[in-house]
2 protein chains.
Amino acid sequence: MGIQERKRKHKEDLKQLILDAAKKLFMKDGYEATSIRKIAAEIEFSPTTIYLYYKDKAEISHALHQEGFKILGQQLSILLVIEDPFERLKAMGKVYMQFALEHGDFYELMFIMKDPLQTIHDCADNHWEEGQQAFRLLLSGIQACQEAGYFRSMDPETFSLVVWSTMHGLCALQLKGHLDMVVAHKNILQDVDNVLQHTFETFIKMLEKLR
Amino acid sequence: MGIQERKRKHKEDLKQLILDAAKKLFMKDGYEATSIRKIAAEIEFSPTTIYLYYKDKAEISHALHQEGFKILGQQLSILLVIEDPFERLKAMGKVYMQFALEHGDFYELMFIMKDPLQTIHDCADNHWEEGQQAFRLLLSGIQACQEAGYFRSMDPETFSLVVWSTMHGLCALQLKGHLDMVVAHKNILQDVDNVLQHTFETFIKMLEKLR
DNA sequence: TTTGATTTATTAACACTGTTAATTATATTT
DNA sequence: AAATATAATTAACAGTGTTAATAAATCAAA
């Protein structure tokens with residue numbers, strides 16, 4: 001069978017094969033629904049084989065979270081061409097938000113769930129490379145803004161945390177369905193889909209006033 | 001036995017008894033660890049008895065989430081005595097944050113998890129009374145600030161969403177351990193416990209500039 | 001008071017979950 | 001070819017939420 005041939009072929013990088021299968025199921029049904037047994041069935045292996053390549057499910061979640069950062073990082077890196085620092089910061093916010101909406105499951109793994117960080121905390125490194133890299137990108141964006149006259153009186157690191165918090169709060173509330181439940185049946189004029197966009201624009205307007 | 005006597009005594013409001021047991025376990029071990037079976041064991045009933053009083057685990061989560069809003073609402077209502085609107089808003093933020101830190105499990109149930117909202121979405125009401133009430137409190141606080149000269153150019157509802165997002169983002173990132181992982185090993189000077197406080201103060205400073 | 005109906009609680013079971021120990025099959029090396 | 005090391009599997013443990021069928025307790029009517 002062609003399936004078995006491909007199986008033999010990829011037997012060496014089974015770890016990657018497992019991850020691909022996990023990714024596929026995860027993007028279709030979410031993290032909770034992606035069980036070890038289903039991943040194993042997907043690649044036609046026994047469930048316990050997974051444990052020869054990944055310590056536990058948390059380690060798989062960590063690998064998936066890294067995949068998510070690859071996507072986000074790639075999408076953010078494009079924005080470095082934007083010269084104007086505030087426009088760049090604005091675009092970063094837009095991309096971050098769009099990523100959260102389009103890849104909700106990834107976002108959850110990257111910024112909401114504890115499991116992936118648990119793996120990091122075990123592995124002695126104890127430092128979150130992906131997260132810190134993303135944060136440095138935001139920080140440098142904000143420092144560039146400061147050089148252009150924005151947020152002069154603010155400590156850049158702390159201010160970056162505020163900005164990140166706002167964006168994360170917005171995305172998290174939207175993803176988990178809490179935003180809709182508060183604005184629904186009130187603002188009948190604007191459809192629910194654009195509440196997020198509108199709130200983001202207000203945040204930008206707010207930042208714009210802080211020069 | 002005294003236990004059995006009390007059992008008989010409370011048999012009519014078994015629903016409340018179940019909730020109390022759930023609350024107790026939940027506050028000790030968190031939501032995931034609080035299984036139907038453990039709740040049943042706590043009150044010395046069969047696991048299936050729970051289902052005579054609650055449709056499913058999500059419905060219990062919803063009841064617990066309501067308990068959380070009772071605590072938060074009570075803590076926030078005290079602040080209404082503060083005359084100065086901006087000071088009141090600031091205090092609201094402080095209380096919200098302290099609640100999130102002290103009652104992390106409740107906070108998760110109220111603003112992060114989907115399960116409690118799921119129950120609402122089923123129950124035809126389709127409107128989140130607790131959440132909307134809390135939001136109205138924030139909204140009125142911000143409107144009071146506007147009358148005092150703050151945030152004049154902003155739409156109060158949308159601006160409230162921004163403020164809520166920032167506070168939620170901050171609390172959520174802290175609760176899930178993402179905040180520490182970004183600032184750790186960088187700012188060695190300030191201990192990790194006060195990063196949150198410091199970021200909050202910067203946010204307040206930011207709001208203060210928007211008059 | 002005893003029978004019958006109704007409510008309440010229980011047992012047993014289903015279909016899952018992550019994870020581990022013991023065992024078999026497959027490669028690799030001597 | 002035999003011995004060793006690696007890889008994969010089966011069986012099992014200890015849980016999970018949830019449902020159907022059964023038993024116990026309560027209450028109403030004869």
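Residue numbers begin at 1 in each chain, while the letters A, B, ... track the order of the sequences.
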Check: B:M181 main-chain N/O paired with A:Q132 side-chain donor or acceptor under 3.5 Å: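 Judged by distance alone, yes, a pair lies under 3.5 Å.
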
Return the value, rounded to whole Å, for the distance between atom [atom1] of [X] and atom [atom2] of [N].
X: B:Q118; N: D:dG17; atom1: CD; atom2: P; answer: 16 Å
X: A:K38; N: C:dT19; atom1: NZ; atom2: P; answer: 16 Å
X: B:K15; N: C:dA9; atom1: NZ; atom2: P; answer: 14 Å
X: B:L17; N: C:dT8; atom1: CG; atom2: C1'; answer: 15 Å
X: A:E32; N: D:dT16; atom1: CD; atom2: P; answer: 15 Å
X: B:Y31; N: D:dT16; atom1: OH; atom2: P; answer: 13 Å
X: B:I50; N: D:dG17; atom1: CD1; atom2: P; answer: 10 Å
X: A:L25; N: C:dG18; atom1: CG; atom2: P; answer: 12 Å

Taking the side chain of [X] as its heavy atoms from C-beta onward, which of [options] lies nearest to it?
X: B:S35; options: D:dA8, C:dT20, D:dT16; result: D:dT16
X: A:I36; options: D:dA8, D:dT16, C:dT19; result: C:dT19
X: B:Y51; options: D:dA8, D:dT10, D:dG17; result: D:dG17
X: B:F45; options: C:dA9, C:dT19, D:dT16; result: C:dA9
X: A:K57; options: C:dA9, C:dT19, D:dG17; result: C:dT19
X: B:L52; options: D:dG17, D:dA8, C:dT8; result: C:dT8
X: A:L14; options: C:dT20, D:dT18, D:dA8; result: D:dA8
X: A:D56; options: D:dT16, C:dT19, C:dT8; result: C:dT19

Closer than 4.0 angstrom, basic N to acidic O: yes or no for A:K176 and A:E108?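 So A:K176 pairs with A:E108 through a salt bridge.
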
With a 3.5 Å cut-off and just heavy-atom distances, do the side chain of B:R37 and the base of D:dG17 make a donor-acceptor pair?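 Yes.
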
Side-chain N or O of A:T49 less than 4.0 angstrom from OP1 or OP2 on D:dA7?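 It does not, given that no N or O in the side chain of A:T49 lies less than 4.0 Å from OP1 or OP2 of D:dA7.
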
Is it true that the NZ or CZ of B:K15 lies under 6.0 Å from the centre of B:Y54's six-membered ring and within 45 degrees of the ring axis?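 Checked: cation-pi criterion met.
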
In terms of the nearest nucleotide of DNA chain D, which residue is placed more toward the 5' end: B:T48 or B:A33?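 Mapping each residue to its closest nucleotide by heavy atoms, the 5'-most match is B:A33.
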
Worked verdict on A:K38 versus A:D29 for salt bridge (charged side-chain N to carboxylate O under 4.0 Å, His left out): CA-CA 11 Å; A:K38 280 181 191 167; A:D29 308 319; 5.6 Å; no

Heavy atoms only, 4.0 Å cut-off, all strands: where does B:K55 land among base, sugar-phosphate and nothing?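 Result for B:K55 = nothing.
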
Does a sphere of radius 6.0 Å around NE2 in A:H121 hold more than 12 heavy atoms from other residues, nucleotides or ligands, not counting ones at 6.0 Å or beyond?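 No - once you tally the heavy atoms of other residues, nucleotides and ligands closer than 6.0 Å, there are 12 at most.
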
